[in-house]
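Remember, it's a predicted structure, so these values are computed and weren't measured experimentally.
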Amino acid sequence: MKRMIKTVVVAALALAARAAFAAESLLSEEVQPVVARLDMEVAREGKPAEESAIVTRSGHEGEFKKVTEYIYPTKFNVVVSGTNGVFSAAVEPDGYTMREVGFIVKATPTVEADGAIRVDLNVEEVPEPTWTNYGGTMTASDGSKSDMDMEQPTFTVHSLKQSSVLKPGKVWSVKGDGLAVNVKASVITDK
């Protein structure tokens with residue numbers, strides 16, 4: 001069975017353009033909301049850091065993703081066919097689902113009355129899955145053998161959830177479950 005993989009890569013330029021557009025559209029409202037910007041570096045031990053920025057309203061969640069979508073079957077049907085006493089079987093996948101593999105960063109910055117920025121941070125990293133074949137070999141009535149491949153992925157999830165209050169421009173370094181995150185918060189508009 002071939003694995004169906006759809007790659008979704010969020011390029012730095014596309015992210016910057018979306019962040020600029022989001023900031024511009026947020027600032028164009030009649031009442032200017034308080035907008036926070038979070039500049040981040042997220043790394044897994046032994047791997048280069050992913051840089052990202054999230055621009056969102058105070059108290060609203062923003063998200064950054066750099067993922068590959070794995071689409072895989074959730075069920076398999078065994079189809080048996082044959083004539084004149086000779087039978088064969090095949091496995092057909094049925095019912096698909098999708099899982100994102102890579103980095104997902106969600107953050108909610110809240111600008112406090114004194115100008116400090118509370119950041120609720122949720123970082124998830126899902127490495128490439130391991131694949132296990134749960135199928136077997138079927139012997140047909142004529143003695144021929146058919147492999148019944150039923151591969152399924154196993155996903156490992158590394159996550160980090162923390163909150164902190166930062167002064168604008170200060171860097172917050174967070175480590176846990178093999179992840180390292182540096183966050184620098186700033187306010188784009190005032191109340």
Heavy-atom check, side chain of Val101 versus side chain of Pro129, under 4.5 Å: yes

Main chain of Val123, side chain of Ser159: is a donor-acceptor contact present, judged purely on distance under 3.5 Å? no

Side-chain contact, heavy-atom cut-off 4.5 Å: Ile117 with Glu112? no

- [ ] Take Gln152 and Thr132 through the test side-chain contact (heavy atoms from CB on, under 4.5 Å) and record every step on the way to the result.
- [x] CA-CA 5 Å; Gln152 288 291 282; Thr132 304; 5.7 Å; no

Contact between Val55 and Ile188 at the side-chain level, heavy atoms closer than 4.5 Å - yes or no? yes

(Q) So that I can tick it off, tell me whether Arg99 and Glu69 are bridged by a salt bridge, with the cut-off set at under 4.0 angstrom between side-chain N and carboxylate O. (A) no

**Prompt:** Can you list the steps and then say if Ile54 with Met40 is a side-chain contact (heavy atoms from CB on, under 4.5 Å)?
**Reply:** CA-CA 8 Å; Ile54 293 176; Met40 291 179 270; 3.3 Å; yes

All heavy atoms of Val78 vs all of Met148, minimum pair found to be CG1-CE, 3.5 Å

message: Donor-acceptor check, side chain of Asp114 to backbone of Ala116, threshold 3.5 angstrom: yes or no?
response: yes

* Counting distance only, does the side-chain N/O of Glu50 pair as donor-acceptor with the main-chain N or O of Gly102 below 3.5 Å? -> no

Salt bridge (Lys or Arg N to Asp or Glu O under 4.0 Å) filter on Asp39, not counting sequence neighbours, yields Arg37

Indicate the ring-plane relationship of Tyr72 and Phe155, choosing parallel, tilted or perpendicular according to the 30° and 60° boundaries.
tilted

key: Lys75 side chain reached by Pro73 side chain, heavy atoms, under 4.5 Å   = no

- Single-linkage hydrophobic cluster, 4.5 Å side-chain cutoff, Val42 and Val171 together: no

Starting from the C-alpha separation in whole Å, work towards a yes-or-no answer on side-chain contact (heavy atoms from CB on, under 4.5 Å) for Leu166 and Val119.
-> CA-CA 7 Å; Leu166 308 173; Val119 179; 4.0 Å; yes

Is there side-chain contact between Leu121 and Lys161, with at least one heavy-atom pair below 4.5 Å? no

Flag the pair Asp120 / Arg118 as yes when at least one side-chain heavy-atom distance between them is below 4.5 Å, and no otherwise.
yes

On a heavy-atom basis, the closest approach of Glu151 and Trp131 is CB-CE3, 4.0 Å

When every non-hydrogen atom of Glu61 is compared with those of Thr56, the smallest separation belongs to O-OG1, 3.9 Å

Taken in chain and number order and not counting sequence neighbours, the residues that satisfy salt bridge (Lys or Arg N to Asp or Glu O under 4.0 Å) with Glu100 are Lys65

So Glu63 and Ile104, do their side chains get closer than 4.5 Å, heavy atoms only?
yes

In short, Val67 meets Phe103 closest at the heavy-atom pair CG1-O, 3.6 Å

Report task. Ignoring hydrogens and angles, tell me if any N or O in the side chain of Thr110 forms a donor-acceptor pair with the backbone of Ser58 under 3.5 Å. Result -> no

What one should report as the nearest heavy-atom pair of Leu38 and Ala107 is CD1-CB, 3.4 Å

Correct closest heavy-atom pair for Thr137 and Lys145 would be CG2-CB, 3.7 Å

Review point. Counting only N and O atoms by type, is there a donor-acceptor contact under 3.5 Å from the side chain of Asn133 to the main-chain atoms of Gly135?
Key: yes

- Chi angles and distances behind the side-chain contact (heavy atoms from CB on, under 4.5 Å) call for Val181, Leu160: CA-CA 9 Å; Val181 182; Leu160 177 66; 4.0 Å; yes

